[in-house]
Amino acid sequence: MSPASSAVTIGTSDRADWSESGCHGELLGPQKTSADAVPRTARLAKFHVPEILFGPGSLAELGHCAQRLGGRRPFLVTDPGLLEAGWADEAVGHLRRVGLRPVVWSDVTPNPKDHEVQAAFERYAESGCDVIVGVGGGSVIDAAKGVAILSGNGGHILDYAGVDRVVQPIPPTVMVPSTSGTGADVSQFVIVTDTTQHIKISIVSRTLVPDISVIDPRLLTTMPEWLNAATGLDALTHAIEAFVSRAHNPLTDNHALYAVKLITGNLVRTQVRPKDFDARLAMAQAALEAGMAFTNAILGATHAMSHQVGGLLDAPHGVVNGVLLPHVIRFNAEAWPERFVALGAAAGLPTAGVPPHEVAGRLADLVRALADDLGVPKSLTSLGVAGRDVPVLARTTLEDACMATNPRDVGLRDVEKLFREAL
């Protein structure tokens, strides 16, 4: 099964809006449902998101959230940075305030490793915990989801690479993002580093959408500049790739476009003024909007390529996206430039009377300019990728689940060319 089938049911045209899917005129009334009289369906979509608590101070509701899900002994996954910043302690306090007895696990590093997930699960199992709480960035939340996968399904985390392989129910999950970009708190994705093969694997399953996401913009104020830049560019990539995805639909499109507007208007402001209330609130919403878009529409070549670079070098995911995205925009626009016009408009570019391919090119330039403003390197070479790495990176890219929904068909030579352009 392809990632698109996990995200939505695609009808007669994977690029059409519902109004263009082949059913025109009036809607039909009740139909017979016998095996020989099944009505033809138009384009369908399923939009799956958690319960969401959003706003400054919402972390105070964490205890009630875990309690409502049946928690008695929550397993709180976090990392050393969140411990040092004080957010983990505040979260523990809110859990204890309602009578819960949390266990804290903080041995998670950026780009969570397979052995870290295994160690966290073993601690979860031996401590008799129930609800799983993640307080942190995408790495923490992915690790927390990994614990949930193993708790409900057993085996090793790498066994679940691909789409819809998590078939058994998992424990209830509550996620509290501390960055404005990964979307892990609302998504059906888990990304884990295979430390033997030095690649990142994607696990995609609707069971992985958290039960509750608690989004408190206060947590964003303690991000270091590099992380703010990386996660913001990650959110922008989510929005753009979701909008042009083969599995996009009107439910995801509006979220993607609004995310682009918010990010291009506020990301640099958060870098310059970390505690700017309006900018932080906007970026928190942007990450949420982009997350809701991509978890239902899936992604494309930028993420498929970025995952491989991250697995090879343990590099910041959003930074790699910032390098790759302009190249992928230009590549995809050669096949479908019209789709980039609305994205350009959302980013504030003039589009009236401008040829679509030119809008797409200007959008790619805007993304690169934004990355420059944030101090992101211009090339993969500056991150440590060498020409000799390209053949392996290209081969594993084609195996990534995100590639299935890229709007343009991609072959091995195409991916190699894109990597070399980005060196």
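Values reported hereafter were calculated over all heavy atoms of this structure, with side chains retained and with hydrogens, waters and symmetry mates removed.
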J.: Can you list every side-chain hydrogen bond (donor to acceptor under 3.5 Å, both in side chains) pair that touches residues 137-163, not counting sequence neighbours?
T.: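 For residues 137-163, and leaving out neighbouring residues, the side-chain hydrogen bond (donor to acceptor under 3.5 Å, both in side chains) pairs sorted by first residue read Lys145-Ser187.
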J.: Do you know which two heavy atoms are closest between Val186 and Gly291, and how far apart they sit?
T.: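 Residues Val186 and Gly291, closest heavy atoms: CG2-C, 3.6 Å.
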J.: State whether the side chain of Thr78 and the backbone N or O of Val135 hold a donor-acceptor pair below 3.5 Å, judged by distance alone.
T.: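 Yes; judged by distance alone, with no hydrogens or angles, the pair exists.
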J.: Under the rule for salt bridge (charged side-chain N to carboxylate O under 4.0 Å, His left out), what residues qualify as partners of Asp89, not counting sequence neighbours?
T.: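 Salt bridge (charged side-chain N to carboxylate O under 4.0 Å, His left out) check on Asp89 returns nothing, list empty.
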J.: Show me the donor-acceptor pairs, under 3.5 Å and distance only, between side chains in residues 166-183 and residues at least two apart or in other chains.
T.:
residue : atom : partner : partner atom : Å
Thr173  : OG1  : Asp211  : N            : 3.4
Ser178  : OG   : Gly136  : O            : 3.4
Ser178  : OG   : Gly137  : N            : 3.1
Thr182  : OG1  : Ala184  : N            : 3.2

J.: Ignoring hydrogens and angles, tell me if any N or O in the side chain of Thr109 forms a donor-acceptor pair with the backbone of Pro112 under 3.5 Å.
T.: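 Checking the backbone N and O of Pro112 against the side chain of Thr109, no donor-acceptor pair under 3.5 Å is found.
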J.: Is the backbone N or O of Trp336 less than 3.5 Å from a side-chain atom of Arg408, with the two atoms forming a donor-acceptor pair by type?
T.: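 Checking the backbone N and O of Trp336 against the side chain of Arg408, no donor-acceptor pair under 3.5 Å is found.
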J.: Can you name the residues that form a salt bridge (charged side-chain N to carboxylate O under 4.0 Å, His left out) with Arg420, not counting sequence neighbours?
T.: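 For Arg420 there are no salt bridge (charged side-chain N to carboxylate O under 4.0 Å, His left out) partners, ignoring immediate neighbours.
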J.: When rounded to the nearest 0.5 angstrom, what is the spacing between CD in Gln308 and CD1 in Ile201?
T.: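 It is 11.0 Å, given to the nearest 0.5 Å.
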J.: Might you confirm whether atom CD of Glu338 has over 12 heavy atoms from other residues, nucleotides or ligands at distances under 6.0 Å?
T.: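 Enclosed.
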J.: Rounded to the nearest 0.5 Å, how far apart are CG of Asp278 and CE of Met283?
T.: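 Spacing of CG (Asp278) from CE (Met283) equals 14.0 Å.
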J.: Just do the side-chain hydrogen bond (donor to acceptor under 3.5 Å, both in side chains) check on Thr207 and Ser205 with the steps written out, would you?
T.: CA-CA 5 Å; Thr207 62; Ser205 172; 2.8 Å; yes
J.: When you measure from the side chain of Asp216 to the backbone of Leu219, do you find a donor-acceptor pair of N or O atoms at a distance under 3.5 Å?
T.: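 Here the side-chain-to-backbone pair does not exist.
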J.: I'd like to know whether Met305 forms a side chain to side chain contact (heavy atoms under 4.5 Å, CB included) with Leu418, so could you lay out the CA-CA distance, the side-chain angles of the two residues, the decisive distance to 0.1 Å, and finally the verdict.
T.: CA-CA 9 Å; Met305 296 169 69; Leu418 283 168; 3.6 Å; yes
J.: Under the side chain to side chain contact (heavy atoms under 4.5 Å, CB included) test, which residues partner Ala386, sequence neighbours left out?
T.: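 Arg388, Asp389.
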J.: Report the residues that fulfil side chain to side chain contact (heavy atoms under 4.5 Å, CB included) with Glu225, sequence neighbours left out, ordered by chain and then residue number.
T.: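 Glu225 satisfies side chain to side chain contact (heavy atoms under 4.5 Å, CB included) with Gln271 once adjacent residues are dropped.
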J.: Just verifying a value: how many Å separate Ile263 CD1 and Lys261 NZ, rounded to the nearest 0.5 Å?
T.: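 That separation rounds to 13.0 Å.
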J.: Can you pull the side-chain hydrogen bond (donor to acceptor under 3.5 Å, both in side chains) pairs that have at least one residue in residues 233-243, sequence neighbours excluded?
T.: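 Qualifying pairs: Asp234-His238, Asp234-His303, Asp234-His317, Asp234-Asn321, His238-His303, Glu241-Thr302, Glu241-His303.
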J.: Which atom pair, heavy atoms only, marks the closest approach of Arg280 to Pro274?
T.: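 Between these two residues, the closest heavy atoms are NE-O, 2.6 Å.
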J.: Could you check whether Asp314 pairs with Lys113 (Lys NZ or Arg NE/NH1/NH2 to Asp/Glu carboxylate O, under 4.0 Å)?
T.: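 So Asp314 pairs with Lys113 through a salt bridge.
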J.: Side chains of residues 56-64: which donor-acceptor pairs under 3.5 Å do they make with residues two or more places apart or in other chains?
T.:
residue : atom : partner : partner atom : Å
Ser58   : OG   : Gly55   : O            : 2.8
Ser58   : OG   : Ile215  : O            : 3.1

J.: Got a sec, which residues hit ring pair (Phe, Tyr, Trp, His ring centres under 6.0 Å) with Phe189, two or more places apart in sequence or on another chain?
T.: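 Scan of Phe189 (ring pair (Phe, Tyr, Trp, His ring centres under 6.0 Å), adjacent residues dropped) gives Phe294.
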J.: Using every non-hydrogen atom in the two residues, find where Pro407 and Val244 come nearest and quote the distance to one decimal.
T.: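 Looks like CB-O, 3.1 Å.
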J.: If I compare all heavy atoms of Gly322 with all of Leu233, which pair ends up nearest, and what's the gap?
T.: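 Closest heavy-atom pair between Gly322 and Leu233: CA-CD1, 4.1 Å.
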J.: Answer whether the closest heavy-atom distance between the side chains of Val385 and Phe419 falls below 4.5 Å.
T.: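 No - every pair of side-chain heavy atoms lies 4.5 Å or more apart.
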J.: Is the shortest heavy-atom distance from the side chain of Leu370 to the side chain of Leu236 under 4.5 Å?
T.: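 SC-SC contact between Leu370 and Leu236 confirmed.
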J.: Please collect all ring-ring contact (aromatic ring centres under 6.0 Å, His included) contacts where either partner lies in residues 255-285, sequence neighbours excluded, each pair once.
T.: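 Sorted result for residues 255-285: Phe47-His255.
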J.: Strictly distance-based, threshold 3.5 Å: is any side-chain N or O of Thr295 a donor or acceptor partner for the main-chain N or O of Met292?
T.: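 Here the side-chain-to-backbone pair does not exist.
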J.: Are Ile203 and Arg165 close enough that some pair of their side-chain heavy atoms sits under 4.5 Å apart?
T.: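 No - every pair of side-chain heavy atoms lies 4.5 Å or more apart.
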J.: Please list all pairs passing the side-chain hydrogen bond (donor to acceptor under 3.5 Å, both in side chains) test where one or both residues lie in residues 347-369, with sequence neighbours left out.
T.: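 Non-adjacent pairs meeting side-chain hydrogen bond (donor to acceptor under 3.5 Å, both in side chains): Arg330-Asp365, Glu358-Arg362, Arg368-Asp372.
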J.: Does Ile52 reach the side chain of Leu288, with side-chain heavy atoms less than 4.5 Å apart?
T.: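 Yes. Closest side-chain heavy atoms under 4.5 Å.
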J.: When rounded to the nearest 0.5 angstrom, what distance separates CG in Leu380 from CG in Leu423?
T.: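 Answer rounded to 0.5 Å: 5.5 Å.
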J.: Do the side chain of Ser245 and the main chain of Ala297 share a donor and acceptor less than 3.5 angstrom apart?
T.: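 Judged by distance alone, yes, a pair lies under 3.5 Å.
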J.: What is the distance from atom OG of Ser306 to atom CG of Leu324, rounded to the nearest 0.5 Å?
T.: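 The CG atom of Leu324 is 6.0 Å from OG of Ser306, to the nearest 0.5 Å.
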J.: Within this structure, what is the CD-CD1 distance for the pair Glu334 and Ile329, rounded to the nearest 0.5 Å?
T.: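 These two atoms lie 13.0 Å from each other.
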J.: Step by step, work out the side-chain hydrogen bond (donor to acceptor under 3.5 Å, both in side chains) result for Asn296 and Thr252.
T.: CA-CA 7 Å; Asn296 289 283; Thr252 61; over 6 Å; no
J.: If you measure only the distance, is there a donor-acceptor pair under 3.5 Å linking the side chains of Ser106 and Asp79?
T.: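 Side chains of Ser106 and Asp79: no pair found under 3.5 Å.
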J.: Minimum heavy-atom separation for Thr222 to Ala85, with atom names?
T.: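 Looking at all heavy atoms of both residues, the closest pair is OG1-CB, 4.0 Å.
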J.: Using atom types as modelled and distance alone, determine if a side-chain donor or acceptor of Asn406 lies under 3.5 Å from a backbone N or O of Ala301.
T.: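 Side chain of Asn406 to backbone of Ala301: a pair is present.
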J.: Does Arg218 come within less than 4.0 Å of Glu90, counting only side-chain N to carboxylate O?
T.: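 A salt bridge is present here (some side-chain N lies under 4.0 Å from a carboxylate O).
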J.: Taking all atoms of both residues into account, what is the closest heavy-atom pair of Pro217 and Leu281, and its distance?
T.: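 Minimum heavy-atom separation between Pro217 and Leu281: CG-CD1, 3.5 Å.
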J.: Considering only heavy atoms from C-beta outward, does the side chain of Asn228 approach that of Leu267 to under 4.5 Å?
T.: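 SC-SC contact between Asn228 and Leu267 confirmed.
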J.: Hey, is the main chain of Leu262 close enough, under 3.5 Å, to the side chain of Asn266 for a donor-acceptor pair?
T.: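 Flag set: sc Asn266 to bb Leu262 pair under 3.5 Å.
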J.: Only counting residues at least two apart or in another chain, list the ones meeting side chain to side chain contact (heavy atoms under 4.5 Å, CB included) with Val103.
T.: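 Per chain and number, Val103 pairs via side chain to side chain contact (heavy atoms under 4.5 Å, CB included) with Arg73, Phe75, Arg123, Ser127, Cys129.
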J.: Out of Leu158, Ile157, Leu150, which one pairs with Gln118 under the side-chain contact (heavy atoms from CB on, under 4.5 Å) rule?
T.: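 So the option named by the test is Leu150.
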J.: Is there a side-chain contact between Ile240 and Val367 in this structure, where contact means two heavy atoms from C-beta onward sitting under 4.5 Å apart?
T.: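 A side-chain contact exists here, since the closest heavy-atom pair is under 4.5 Å.
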J.: Can you see whether Lys200 engages Asn111 through a side-chain donor-acceptor pair at a distance of less than 3.5 angstrom?
T.: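 Yes - a donor-acceptor pair under 3.5 Å links their side chains.
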J.: Got Leu312 and Ile199 here, is their nearest side-chain heavy-atom distance under 4.5 Å?
T.: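 Leu312 does not reach Ile199 side chain to side chain.
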J.: Is a side-chain donor or acceptor of Ser202 paired with a backbone partner of Ala401 at a separation under 3.5 angstrom?
T.: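 The answer is no, because no donor-acceptor pair under 3.5 Å joins these two groups.
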J.: Does the side chain of Thr193 reach to within under 4.5 Å of the side chain of Asp114, using non-hydrogen atoms?
T.: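 No, every pair of side-chain atoms sits at 4.5 Å or beyond.
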